[in-house]
*Asks:* 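Next up is a structure, given as structure tokens.
To find a chain, count down the sequence lines: A is the first, B the second, and so on, and within it residues start at 1. All values reported here derive from a predicted model rather than from experimental measurement.
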Amino acid sequence: MPELPEVETTGRGIAAKLLNLRITKLEQHRRDLRFALPKNLASKLEGRKLVAVERRAKYLLLRLDDGYSLLLHLGMSGRMVIADADDGTRGKHDHVVFVFENGAVMRFNDARRFGMLDLVKTGEEHKHKLLAHIGPEPLDKAFTAKVLQERLAGRKTAIKLALLDQTVVAGIGNIYACEALYDAGINPNKEAGKVSADKLALLVPAIKKVLKAALKDGGSSLRDYVQTSGELGYFQTRFAVYDREGQPCPKCRAAKITCTGVLRFTQGGRSTFWCAAQQF
DNA sequence: CGGCGGTCCTGTCAGC
DNA sequence: TGCTGACAGGACCGCC
């Protein structure tokens with residue numbers, strides 16, 4: 001589920017509901033997710049107030065009032081489910097449950113357990129092993145075609161795989177890598193270091209565009225999800241190529257071009273969707 | 001350092 | 001209906 005827009009939306013949902021509230025109780029139902037959870041987590045979190053929520057790449061930082069921050073990653077299947085009142089519902093994969101002073105409950109649910117959770121000293125999170133080598137935020141003004149060109153220089157790997165590399169640029173996952181490359185008209189298999197400056201000048205705005213569009217959509221669909229565990233509006237989102245193998249792509253359809261439709265192949269063990277008539 | 005493949009896990013869905 | 005295999009929005013680690 002979570003790429004940058006979903007993580008950002010989750011963070012906003014947490015802030016909207018739980019900011020400035022104290023954690024009164026922490027339930028920990030596993031000792032580990034992807035990694036071992038911090039020792040004595042409950043005693044470190046109970047009594048603490050949530051004072052801010054920030055995002056870096058696909059990580060969320062929940063700022064606490066004691067100078068520490070909860071660093072968490074949702075992995076592939078992680079989600080935060082918030083309920084205004086605790087009716088006692090606990091799902092099979094609710095690994096960590098936060099109960100707040102007003103009775104609200106936040107459940108960290110992660111079936112595949114690729115997610116993680118750690119405590120870091122606020123202000124020192126950039127030194128954390130997992131954050132130390134993360135690339136620029138794609139929605140920052142400072143993320144320009146020139147910056148991307150520098151970061152891709154000499155890279156022999158495919159451009160699609162380079163976009164998934166969080167040290168090149170932060171927060172992009174499989175869906176938005178496919179969508180951005182389609183939007184920019186770039187063959188996902190093109191050697192990263194050899195993508196022309198002209199193409200990169202299209203790619204950077206394309207990345208920002210698809211992420212912002214998803215953020216806008218996720219903002220309206222995922223907010224409900226975060227609060228209530230209802231159906232995901234997210235899946236109603238219309239992707240141009242992602243998960244649309246065999247279907248005509250929007251550009252070919254608009255131009256009335258008869259093509260093979262959206263193609264799919266595997267890169268780095270993951271599916272890439274693209275249109276050969278539009279990306280080269 | 002770059003690139004690649006293996007690996008961690010459960011759930012779901014298509015096909016037989 | 002089972003059963004099986006493929007695949008899923010991520011990213012670390014070890015090896016070359």
Side-chain angles (χ1 to χ4, degrees), chain A residues 1-11 29-37 55-60 71-80 91-96 108-118 128-135 138 150-182 189-194 207 210-211 213-215 217-218 221-222 225-226 229 231-246 264-273:
Chain A
M1 180 214 303
E3 300 186 29
L4 183 152
E6 294 72 44
V7 176
E8 175 70 26
T9 301
T10 299
H29 298 294
R30 284 193 69 85
R31 348 189 85 194
D32 55 52
L33 294 172
R34 181 179 238 306
F35 309 109
L37 298 177
R55 180 192 57 74
R56 173 78 175 105
K58 296 174 195 168
Y59 293 87
L60 282 178
L71 174 68
L72 61 96
H73 194 293
L74 300 173
M76 285 275 249
S77 55
R79 54 193 67 170
M80 283 293 186
K92 186 177 173 186
H93 302 293
D94 288 343
H95 305 306
V96 182
F108 184 9
N109 182 284
D110 183 10
R112 293 176 74 179
R113 304 206 299 271
F114 289 172
M116 59 78 59
L117 189 155
D118 203 0
H128 194 283
K129 187 183 172 188
L130 297 171
L131 290 181
H133 305 290
I134 297 282
E150 286 165 6
R151 302 186 78 82
L152 295 177
R155 294 290 298 259
K156 300 216 173 292
T157 196
I159 182 66
K160 157 80 183 312
L161 292 175
L163 291 181
L164 292 181
D165 182 343
Q166 302 297 298
T167 69
V168 170
V169 53
I172 298 173
N174 205 33
I175 293 175
Y176 301 114
C178 292
E179 294 292 309
L181 288 169
Y182 169 76
N189 224 3
K190 177 92 178 172
E191 189 177 314
K194 289 188 175 170
I207 289 168
V210 299
L211 292 177
L215 198 47
D217 188 61
S221 57
L222 272 187
Y225 183 80
V226 166
S229 89
E231 285 305 301
L232 272 178
Y234 186 81
F235 285 111
Q236 296 160 13
T237 306
R238 292 286 171 176
F239 301 124
V241 291
Y242 183 83
D243 203 22
R244 296 179 75 86
E245 185 179 11
R264 164 173 153 166
F265 72 113
T266 300
Q267 288 179 289
R270 317 192 60 197
S271 289
T272 296
F273 298 88

*Asks:* For the pair made of CG in A:L164 and P in B:dC4, what is the distance, rounded to whole Å?
*Replies:*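 These atoms are roughly 13 Å apart.
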
*Asks:* Between A:L164 and A:R270, is any pair of side-chain heavy atoms under 4.5 Å apart?
*Replies:*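 Result yes, sub-4.5 Å side-chain heavy-atom pair found.
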
*Asks:* Test A:N174 against A:K160 for side chain to side chain donor-acceptor pair (under 3.5 Å), laying out the working first.
*Replies:* CA-CA 9 Å; A:N174 205 33; A:K160 157 80 183 312; 2.8 Å; yes

*Asks:* Expressed as a whole number of angstroms, how long is the span from A:R270:CZ to B:dG5:P?
*Replies:*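 Computing the A:R270:CZ to B:dG5:P distance gives 15 Å.
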
*Asks:* Heavy atoms only, 4.0 Å cut-off, all strands: where does A:L161 land among base, sugar-phosphate and nothing?
*Replies:*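 It contacts nothing in the nucleic acid.
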
*Asks:* Quick one: A:D94 CG to B:dG11 P, roughly how many Å, whole number?
*Replies:*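 The answer, rounded to whole Å, is 12 Å.
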
*Asks:* Out of C:dA11, B:dC9, B:dG3, which nucleotide sits closest to the side chain of A:K156?
*Replies:*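 Minimum distance to the A:K156 side chain belongs to B:dG3.
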
*Asks:* Measure from CG on A:L33 to C1' on C:dC12 and round the result to the nearest Å.
*Replies:*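 Atom-to-atom, A:L33 to C:dC12, this comes out as 15 Å.
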
*Asks:* Would you indicate, yes or no, if C:dC12 has its OP1 or OP2 atom less than 4.0 angstrom from a side-chain nitrogen or oxygen of A:K58?
*Replies:*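 For A:K58, the contact criterion (side-chain N or O under 4.0 Å from OP1 or OP2 of C:dC12) is not met.
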
*Asks:* Within the structure shown, what part of the strands sits under 4.0 Å from A:R30 by heavy-atom distance: base, sugar-phosphate, or nothing?
*Replies:*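 Touches nothing.
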
*Asks:* Of the nucleotides C:dC12, C:dG10, C:dC7, which one has an atom closest to the side chain of A:Y59?
*Replies:*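 Output: C:dC12.
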
*Asks:* Roughly, in whole Å, what's the span from CE in A:M76 to C1' in B:dT10?
*Replies:*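 Rounding to the nearest Å, CE of A:M76 and C1' of B:dT10 are 11 Å apart.
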
*Asks:* Please tell me if A:H93 has a side-chain N or O lying less than 4.0 Å from either OP1 or OP2 of B:dT10.
*Replies:*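 Answer is no, no contact under 4.0 Å.
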
*Asks:* Just so I know, are the side chains of A:Y176 and A:L4 near enough to count as touching, which here means a heavy-atom distance under 4.5 Å?
*Replies:*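 No. Closest side-chain heavy atoms not under 4.5 Å.
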
*Asks:* Rounded to the Å, how far apart are A:D32 CG and B:dT10 P?
*Replies:*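 In whole Å, B:dT10 P and A:D32 CG are 11 Å from each other.
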
*Asks:* Counting side-chain heavy atoms from CB outward, which of C:dG10, B:dG3, C:dA8 is closest to A:R155?
*Replies:*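 My answer, after comparing the listed nucleotides, is B:dG3.
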
*Asks:* Would you indicate what A:R34 reaches in the nucleic acid, counting non-hydrogen atoms under 4.0 angstrom: base, sugar-phosphate, or nothing?
*Replies:*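 Touches a base.
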
*Asks:* Taking only the side-chain heavy atoms of A:R264 (C-beta and beyond), determine which of C:dC7, C:dA11, B:dC9 contains the nearest atom.
*Replies:*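 Looking only at heavy atoms from C-beta outward on A:R264, the closest nucleotide is C:dC7.
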
*Asks:* Under 4.0 Å between a side-chain N/O of A:S77 and OP1 or OP2 of C:dG10, yes or no?
*Replies:*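 So the side-chain polar atoms of A:S77 never come under 4.0 Å of the phosphate oxygens OP1 or OP2 of C:dG10.
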
*Asks:* Specify the separation, in whole Å, of atom NZ of A:K92 and atom C1' of B:dC9.
*Replies:*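 Spelled out: NZ on A:K92 to C1' on B:dC9 is 11 Å.
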
*Asks:* Using the P atom as the point on both nucleotides, what is the distance between B:dT12 and C:dA11, in whole Å?
*Replies:*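 To the nearest whole Å, 23 Å.
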
*Asks:* Side-chain contact, heavy-atom cut-off 4.5 Å: A:L37 with A:H95?
*Replies:*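 Not touching, per the 4.5 Å side-chain cut-off.
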
*Asks:* Is there a Watson-Crick or G-U wobble partner for B:dC9 with both distances under 3.5 Å, and if so, which one is it?
*Replies:*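 Across all strands, not a single nucleotide pairs with B:dC9.
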
*Asks:* Any side-chain heavy-atom pair from A:F273 and A:R244 closer than 4.5 angstrom?
*Replies:*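 No, their side chains stay 4.5 Å or more apart.
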
*Asks:* Could a donor-acceptor pair under 3.5 angstrom be found where the side chain of A:R112 meets the base of B:dC9?
*Replies:*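 Yes.
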
*Asks:* Round to a whole Å and report the spacing from CZ of A:R113 to P of B:dT7.
*Replies:*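 One finds 18 Å between P of B:dT7 and CZ of A:R113, rounded.
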
*Asks:* Just wondering, do A:R113 and A:R30 contact through their side chains at under 4.5 Å, heavy atoms?
*Replies:*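 When only atoms from C-beta onward are counted, A:R113 and A:R30 do touch, with a gap below 4.5 Å.
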
*Asks:* Does OP1 or OP2 of B:dG2 have a side-chain N or O of A:T157 closer than 4.0 Å?
*Replies:*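 No, no such contact exists.
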
